[in-house]
Amino acid sequence: MSSPVFPDTTTGAVAHDRLRALGVASLLVPGDAGYPAAIAGFNLRVAHRPDLVVAASSAADIAHAVRVAGELDLSVTVLGLGHGIQRVVDGGILITTTGLASVTVDPGQRTARVGAGTQWQAVLDAATPHGLAPLCGSSPLVGVVGYLLGGGVGPVARSYGFAADHVRELEVVTGTGDIVRADPTTDPELFWALRGGKHGLGIVTEVVLDLVPLATVFAGGLFFPASQARAVLQTWAEWSATVSDSVTTSVAVLRLPPLPHLPEPLRGQTVVHVRVAIVTDDADAAERIVAPLRAVGPRLIDAVTELPYAQIAMVHQDPTEPMPIVEGGALLSDLDADAVDALLAAAGPQADVPLVMVELRRLGGALGREPRHPNAVPGRDAAYSVFVIGAPVPELFPVLPGIIRGVLAALTPWRSPRSLPNFLGSANVAADYRGAWDPETRARLDAVRAAVDPRGVFGFDPEGVN
C-alpha cells in the first residue's frame, strides 16, 4: 500500500491513524491502488473524492468511523449499490459495506436476515429453494438496504405493497456511533422513519425482512415498434386503470443503442416496452388479462409467459453494467388520454430528444394501503410514476437536466405533490425533494434525524439529497 496522500487537509490522515489504532483493518486513501475501484458506484457520472474510505467488515467498524468523524468534524457517507442519485462526496469519510454482505433465510418464519452491502440477487438465490421470494426491485443487482430505505417499488408491488412495508427490524449505527436495533417495540420512531425516510437517519448494517410464498409469476415484456407508440400507451393507460391488484405493470419508450447483445429487432431502434407481472396460478386467466395489450398490434418480441420468480429481472431487463446517468422522476395523480398525448409530444418517438427511457409505472393496489406498522413511505395516493433517463453521452450532461425537467413539466396538470425518493434524480429540483413528504411527515422525520444525528455527521441536506 502506498503512503497516504490527503488533498489540502491533514484531517483524513488523523482519521486514518485513529481508525487503524481502533482495529479497523481496511482503510483506503487517495493514492492507494484500490481507492478508485472502492469509490466507483453504478452511476459513472458521479466522481467521489473522499479523504478516507472505510471498507467496513462489521457494524463495529462503521461505529468507530462515525465516532471518529464526529470528533474531527468530518462528514460520513455510505456508498450506495443502486442506480439512484448520490451526492458527490468531496472530502470526509466514505464507507463501503460490501464486507457486511450476507443472507440467512428462515423458511419457517419466512424471513431473511440480510447484511448491508448485499444485492437483491443474493437474497433471490437464497430464498428460491424454499419457494419464497423477496420483494426486490426491477433490477436484482441493486442494494437491499438503500432500496428499502426509499420504499421499494418492485415488479409485483401492486400485489404486496412497498418492500419497506415488509421490514421486521433493522440494525443501525446512529450519528453518535451507537449500534441500535429498531423494530415495532424497540425504538419504534426510528423504525417508522427508516422505512421510507431514506436519508440522514443512520447507517443500516442489517435488516430482517419478510419473504412471500411465490415461486412463479405470469410475467415478461411486450415490445412494440415506435409507429404504434400512441396506440400502445393509450391502450395501456386505459387498461392499467382497471386491472386488479394482482397485476403490476409499466410501460417505457426506449431509444436503444445499436449494441450487439440486444436482440436484432430492438438493436438501434426506438420501441415501446410494456412490462407485466401477474401473481396468479391461473395461466388462462392471465392470458385474458394480457389480451387487450396484444390486441394493439404485432409485437417485435412477445415474452410474457409463466416465469420462475427467480427470473423476475426478465420483466424490466434493466442494464447490468455501470454507466453515466442523468435522471428525473415524478408522481402522477392520474393518467388520462390528454396526459399520454402530452408525454408523447414531449418525449415520444417523434420528439427529437436525447433520452434513452421514458417510463410510466402503474401504482395503486397494495401500494396505496398502509402496512400493519405504518412507515414514512410517501406517495401512497399516487396513481402512476414517471421516470426519465437521459442519453449516457458526457457532452450532453449540461443540457440533459433541463430536457428532463421539460418532460416532467409537460405533465404538470397531472402531477402529484409528493415524490418517491428512489425515483428522484439529478434532474429534479430542490422542491421535489422538499415535497416528497407532506409537511407533517417531513417535520417528524427531521425530529428523528436530530435525535439520532445531533452533530449532523451524515450531512443531511434538507434542500436536496444526502
Side-chain angles (χ1 to χ4, degrees), residues 11-12 14-27 50-80 89 92-102 113-118 143-146 148-150 164 167-209 373 375-376 443-462 466:
T11 314
V14 175
H16 177 279
D17 291 346
R18 288 192 186 180
L19 289 172
R20 183 71 75 198
L22 289 167
V24 180
S26 187
L27 301 170
D51 294 331
L52 179 64
V53 176
V54 177
S57 60
S58 67
D61 284 352
I62 296 175
H64 287 317
V66 170
R67 291 193 197 103
V68 168
E71 293 166 2
L72 299 177
D73 196 25
L74 290 170
S75 64
V76 177
T77 308
V78 177
L79 180 65
V89 178
I93 296 175
L94 181 70
I95 294 177
T96 64
T97 59
T98 53
L100 280 70
S102 62
R113 184 176 295 273
V114 183
T118 303
V144 170
V145 169
L148 293 172
L149 297 182
V167 172
R168 291 198 179 190
E169 63 180 79
L170 306 102
E171 180 184 78
V172 189
V173 176
T174 69
T176 56
D178 294 308
I179 302 173
V180 303
R181 308 293 296 190
D183 62 33
T185 57
T186 303
D187 209 335
E189 192 69 358
L190 180 57
F191 181 65
W192 167 83
L194 284 166
R195 295 169 302 131
K198 188 66 176 179
H199 300 292
L201 294 158
I203 299 175
V204 174
T205 56
E206 185 180 81
V207 59
V208 178
L209 51 89
H373 301 291
N375 56 38
R444 186 177 172 188
L445 284 169
D446 287 343
V448 178
R449 291 189 184 100
V452 298
D453 186 18
R455 290 182 173 180
V457 171
F458 300 131
F460 176 71
D461 179 5
N466 187 29

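Nothing fancy with the numbering, it's 1 onward along the sequence. Since the model is a prediction, treat every value here as computed from it, not as a measurement.
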Spatial distance of atom OG (S102) from atom CD (E206) [nearest 0.5 Å]: 6.5 Å
Tell me the closest heavy-atom pair linking A376 and A193, and the distance in Å. CB-O, 4.0 Å
Residues in side chain to side chain donor-acceptor pair (under 3.5 Å) with D178, at least two apart? T176
With a 4.5 Å limit on heavy-atom distance, are the side chains of V204 and L149 in contact? yes
Could you tell me whether the side chain of V180 reaches within less than 4.5 Å of the side chain of L190, counting heavy atoms only? yes
Please answer whether the main-chain N or O of F458 pairs with a side-chain N or O of S75 as donor and acceptor at a distance below 3.5 Å. no
Gap between atom CG of D51 and atom CG of L74 - 0.5 Å precision: 6.5 Å
Taking atom NE2 of H199 and atom OG1 of T77, what is their separation to the nearest 0.5 Å? 11.0 Å
Of all the heavy-atom pairs spanning A69 and I93, show the shortest one and how long it is. CB-CD1, 4.0 Å
Atom CG of L19 and atom CG of L27: how far apart are they, to the nearest 0.5 Å? 6.0 Å
Any chance CG of D17 has more than 12 other-residue heavy atoms, nucleotides or ligands included, within less than 6.0 Å? yes
Not counting sequence neighbours, which residues clear salt bridge (Lys or Arg N to Asp or Glu O under 4.0 Å) with E171? List them please. R181
Residues which pass side chain to side chain contact (heavy atoms under 4.5 Å, CB included) with R449, listed by chain and number, not counting sequence neighbours: L201, L445, D446, F460
Give the minimum heavy-atom separation between I95 and A56, together with the two atoms involved. CG2-CB, 4.3 Å
Does any part of the side chain of L22, heavy atoms only, come nearer than 4.5 Å to the side chain of D61, both counted from C-beta? no
Considering all heavy atoms of both residues, which atom of L52 and which atom of H16 are nearest to each other, and what is their separation? CD2-N, 3.8 Å
Between I203 and V66, is any pair of side-chain heavy atoms under 4.5 Å apart? yes
Approximate separation, where rounding is to 0.5 Å, of I62 CD1 and T205 OG1: 6.0 Å
Partner residues of R67 under the side chain to side chain contact (heavy atoms under 4.5 Å, CB included) criterion, sequence neighbours left out: A63, H64
List for me each residue that meets side chain to side chain contact (heavy atoms under 4.5 Å, CB included) alongside D183, sequence neighbours excluded, and say none if there are none. E169, T185, T186
Please give me the minimum heavy-atom distance between A59 and V173, naming the atom from each residue. O-CG2, 3.9 Å
Do you know the tightest heavy-atom contact between R455 and E71? NH1-N, 3.3 Å
How far apart are the C-alpha atoms of V172 and L194, what are their side-chain angles, what is the distance that settles it, and do they pass the side-chain contact (heavy atoms from CB on, under 4.5 Å) test? CA-CA 9 Å; V172 189; L194 284 166; 3.5 Å; yes
Side chains of T174 and D453 in contact at under 4.5 Å (non-hydrogen atoms): no
So, T97 side chain and L100 main chain: donor-acceptor pair closer than 3.5 Å or not? no
Is the shortest side-chain heavy-atom distance between R168 and H373 below 4.5 Å? no
Please examine the side chains of R18 and V14, heavy atoms only from C-beta on, and report whether any two atoms are closer than 4.5 Å. yes
So, using side chain to side chain contact (heavy atoms under 4.5 Å, CB included) as the criterion, who are the partners of V167 when residues are at least two apart? L148, L170, F191, R195, V207
